[in-house]
There are 2 protein chains.
Amino acid sequence: MSAIEELASELARLPGIGRKTALRLTYHLLKQSPEQARRLANSLLTLSDRVRPCTRCFNLTEEELCVICRDPRRDPRLLCVVEEASDIGAIERAGEYRGVYHVLGGRLSPLDGVGPDDLTLSALLERVREGGVQEVIMATNPSLEGEATALLVQRQLAGLPVSVTRIARGLPVGGDLEYADGVTIAQALSARRAM
Amino acid sequence: MSAIEELASELARLPGIGRKTALRLTYHLLKQSPEQARRLANSLLTLSDRVRPCTRCFNLTEEELCVICRDPRRDPRLLCVVEEASDIGAIERAGEYRGVYHVLGGRLSPLDGVGPDDLTLSALLERVREGGVQEVIMATNPSLEGEATALLVQRQLAGLPVSVTRIARGLPVGGDLEYADGVTIAQALSARRAM
């Protein structure tokens, strides 16, 4: 395989990058100074060496504890459980949440061979048993697998002195009833609140 | 800068990849085995070492001559002039053309500081002067700069025993008159042919 095809097919393995985009990126890099490709290559090589999971919450970090677990201003009584470390970024960008996190590292997915033992469930139970947590907010995705995962966590936490909540489902802000799917509308109706 | 931010900002330098996509790709690579990031990094590192311009037509190749110049079945009397090596791929995919190519390496663009001396014009003139070429097809882009470049080449070739043609402009196949811009419609009208 030629060097161009080789790079293009490696790039095409990335999500959302098709064959044509991969070729376009390759030609772009060929037009740039070799320095740019080298810097990108080095960032790729150091990534997995430097980044590891936070020993407390499994967020990604280059230290022992992640930047949120190290922050004394975060409220440790609120514990938000997410599927992936990237979900933390989405919630942080919303700028509302002041508690801490726990990254499950995935979601229940029998078809992909992901069972309860593949998630960081025992570490989560350990954290809650140690005390100090008042509320566990299940922020797994509102998908079939995300719901099943939330249910599993809720069951495992039953009996512990902690309240388990689930993020609300409904119409997205700025969304349009006309274009919303039926399941979302049904959820939005059944979760209606007094004004 | 963290390793995640570093890779994300390198990826975001690529065309068509914004900040958010770059972060998503970075998290994706973190979920994959480090092997995938390493293979991508190696492809990036070997790219500029292995790939160089064809000594005859300036297409990209890993040999002395590119795959098209080496092919004895290509017709050397037809010479198609393109701006970039990537344009060759687009024409080859159309599967119609059986001649050879010449890559200018850009187009006239005074604003970007690209003048005639930055293109492979003298090599093109040399090829035509050597004889054997009957028709030079100008396939630079149908943009302002592409037209200016085509005009420049045509003037430089004036006096040599070769016909210079320009690829046709008009409505794209499958296109819609209603959504075509005025300049394209005007071109399509003035270039109309008997049915």
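Letters A, B, ... mirror the listed sequences (proteins, then strands); counts begin at 1.
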- Can B:Arg166 and B:Glu147 be counted as an ion pair, charged N to O under 4.0 angstrom? yes
- Under 4.5 Å, heavy atom to heavy atom, which residues of residues 56-78 of chain B contact chain A? B:Leu60, B:Glu62
- Residue B:Leu11 versus chain A: region with a heavy atom under 4.5 Å: both
- Between B:Ile4 and A:Val51, the two heavy atoms sitting closest are CG1-CG2, 3.8 Å
- Tell me, side chain or backbone of A:Arg24 under 4.5 Å from chain B's heavy atoms, or both, or neither? side chain
- Message: Taking every non-hydrogen pair under 4.5 Å, which of A:Arg39, A:Glu84, A:Arg38, A:Gln36 racks up the most with chain B?
- Response: A:Arg39
- Query: Would you say the side chain of B:Leu7 lies within less than 4.5 Å of the side chain of A:Thr46, judging by non-hydrogen atoms?
  - Reply: no
- Is the closest basic N to carboxylate O distance between B:Glu130 and B:Arg127 below 4.0 Å? no
- Student check: side-chain heavy atoms of B:Ile17 and A:Leu25 closer than 4.5 Å: yes
- Atom group of B:Thr26 that falls short of 4.5 Å from chain A, counting heavy atoms: both
- Task: Mark yes or no for whether B:His102, through its side chain, and B:Thr120, through its backbone, hold a donor-acceptor pair below 3.5 Å.
- Result: yes
- Mark yes or no for whether B:Thr140, through its side chain, and B:Gly146, through its backbone, hold a donor-acceptor pair below 3.5 Å. yes
- Checking B:Arg50 against chain A: side chain, backbone, both or neither under 4.5 Å from a heavy atom? side chain
- Item | Side-chain (A:Glu83) to main-chain (A:Val103) donor-acceptor, under 3.5 angstrom | no
- Going through the distances and angles, do A:Thr165 and A:Glu135 end up as a side chain to side chain donor-acceptor pair (under 3.5 Å)? CA-CA 7 Å; A:Thr165 58; A:Glu135 180 179 351; 2.8 Å; yes
- chain A contact via B:Gln32 - which portion, at a heavy-atom distance below 4.5 Å: neither
